[in-house]
Amino acid sequence: MKYDTIKELLQYASKAENKTFKEVIEEAKGYDYNIDEISYKKGFFGHVVEECLFDYSPNSRSEPDFPELGVELKVTPIRRNKNGTISAKERLVLNIINYVEELTKTFETSSFSKKNKNLLIMFYLYSESMKKEDFPIVKSHFNNFKDIDGEIIRRDWEIIHKMIEDGRAHELSESLTLYLGACTKGANHLNLVSQPNSNIDAMQRAYCLKQSYMTTIARQVISNENLQRIIDSKTKMPQGFEQLVMKKLTVYYGKTQDNLSKEFSIDSKAKSLNDLLVARMLGVTGKVSRTIEFQKANIVPKSIRLEINNTIREDMSFKNFNPKEIVEHDWIDSELRDYFESTRFLISLFRKNNQGDYVFIKAFFWSLPISVLDGKVKDTWQETKRILINGVIIDNWNGKSRNNLPGKTFNHVCHVRPKAALSMRYPGDSNSFLLPNGEWMTKQCFWLDKKYVRTILDLTV
DNA sequence: GCATGATCATGC
DNA sequence: GCATGATCATGC
């Protein structure tokens with residue numbers, strides 16, 4: 001079947017909305033599928049849409065699925081969260097990067113642009129408790145990376161390209177870029193390939209649209225979510241989004257917490273006051289993470305307080321972990337690795353002055369280096385997993401509970417500590433989580449040691 | 001001063 | 001009501 005226009009294609013695709021994969025198969029003319037036979041096969045969802053809906057055979061050519069329109073078809077899952085919102089279940093993996101070939105390309109001639117310039121994305125709703133063929137197709141969406149997204153993705157591509165050019169493909173990480181990432185995938189983790197300007201083999205990677213990007217798109221087209229924007233379509237970003245954010249923040253360098261609180265009419269005693277201030281500096285009410293750009297790019301704001309002598313008093317905490325998830329995964333597929341591999345941080349520094357007030361001195365974007373992630377952070381995670389499996393030992397000490405999970409003496413980069421509103425360890429309590437051995441303990445999270453954090457700060461300025 | 005546990009205020 | 005981004009408190 002031929003489609004003359006993208007509109008026609010999209011219209012046809014939308015016919016599958018609210019149908020399950022099983023229904024799409026059954027309605028296909030001339031096909032005689034045994035669902036039980038094909039449903040467990042790899043690529044089931046894509047194949048059903050390609051063969052049964054669009055009536056063409058699957059291919060892995062480097063040209064798009066609909067060559068005459070230059071449109072690539074992607075079938076991708078969303079899931080429903082406990083609070084009712086939806087999220088992309090995974091990143092959208094595009095084509096594999098051939099480091100040698102890609103080095104010779106420009107953005108326009110790149111393998112990414114060649115195949116993925118126009119995407120027809122079909123979202124289906126994944127559910128743990130349902131059979132694959134009963135998942136419904138929810139929505140079709142056409143994405144051609146116009147305007148701001150296109151600009152940001154072009155710069156992302158250039159960052160990846162520069163890494164290859166510099167012989168640093170082995171240091172690539174999804175967290176280095178904003179929307180377009182270079183991700184590893186499944187068995188690819190173990191696939192080492194050569195790269196042009198270095199003797200070090202690198203993990204094979206593919207272009208992807210970050211999970212956070214896909215979540216934002218899904219919420220916009222399916223849930224009609226309305227987020228604040230930091231930039232509008234008229235904003236010029238000759239040096240990219242990050243530089244633009246820096247430009248907005250630089251204006252406030254040298255101002256104290258007090259100054260800034262007054263300027264933005266914030267009267268708050270929150271421990272995360274600096275976070276609120278940074279949001280206001282960017283023109284956002286509420287949280288920075290609730291803006292289109294930060295949500296798509298998965299940028300997490302962090303603020304650090306420095307003492308007068310430039311030391312840091314506190315370690316840096318992250319999300320609470322889920323013991324069950326840790327025990328059930330290997331490091332390479334773990335939530336923690338995935339978090340650091342795909343998260344970019346916006347770090348703001350506030351330094352104490354002689355009056356005891358904190359001065360906003362600088363901000364910068366940062367990602368945890370892969371070498372640290374797959375080094376010391378991995379060690380802490382592995383040790384945590386080992387102890388979770390063997391049984392966490394909790395005892396009482398001066399009225400506090402104490403445990404044997406890897407603490408600060410473990411490796412001076414990453415450790416485990418409690419993080420909850422209250423120190424509680426009762427079944428079902430919101431401050432407690434269930435351990436694999438059936439006991440309950442106060443929720444814990446992974447922390448980065450302040451000593452390590454200090455090493456990422458460039459305080460020469 | 002360090003290690004460890006405990007807890008706060010806020011947005012959503 | 002909980003997750004988040006943090007900071008406070010205490011014993012050694």
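What you see is a predicted model; the values in this text were computed from it and never measured. So you know, we letter chains A, B, ... as the sequences are listed, proteins then strands, and number each from 1.
- Side chain to side chain, A/Thr256 and A/Asp258 fail the donor-acceptor criterion of an N or O pair below 3.5 Å.
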**Message:** Show, in sequence, the C-alpha distance, side-chain angles and deciding distance for A/Thr215 and A/Lys210, and conclude whether the side chain to side chain contact (heavy atoms under 4.5 Å, CB included) test is met.
**Reply:** CA-CA 9 Å; A/Thr215 291; A/Lys210 285 191 179 186; over 6 Å; no
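- Near DNA chain C, defined here as any heavy-atom distance below 4.0 Å, the residues from residues 293-307 of chain A are A/Val300, A/Pro301, A/Lys302, A/Ser303, A/Arg305, listed numerically.
- Using a 4.0 Å heavy-atom distance criterion, A/Lys443 is classed as a sugar-phosphate-only contact.
- In this structure a side-chain-to-backbone donor-acceptor pair under 3.5 Å is missing from A/Thr216 to A/Ile292.
- Salt bridge present: A/Lys385 and A/Asp330 bring a charged side-chain N and a carboxylate O closer than 4.0 Å.
- Taking the centre of each ring, A/Phe365 and A/Phe345 stay at or above the 6.0 Å mark.
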**Request:** Run the numbers on A/Val48 and A/Phe21 for side chain to side chain contact (heavy atoms under 4.5 Å, CB included), then give the verdict.
**Result:** CA-CA 7 Å; A/Val48 171; A/Phe21 285 91; 3.9 Å; yes
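- Mapped onto DNA chain C by nearest heavy atom, A/Ser430 and A/Asn398 fall at different nucleotides, with A/Ser430 at the one closer to the 5' end.
- In this structure A/Glu174 satisfies the salt bridge (charged side-chain N to carboxylate O under 4.0 Å, His left out) test together with A/Arg91, sequence neighbours excluded.
- If A/Ser289 and A/Arg313 are placed on DNA chain C by their nearest nucleotide, the residue sitting closer to the 5' end is A/Ser289.
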**Request:** Produce a footprint string for nucleotides 2-8 of chain B: one letter per nucleotide, 5' end first; B if the base is under 4.0 Å from any protein heavy atom, S if only the sugar-phosphate is, - if neither.
**Result:** -SBBBBB
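- With a 6.0 Å radius and a threshold of 12 heavy atoms from other residues, nucleotides or ligands, A/Arg313 has its CZ atom at or below the threshold.
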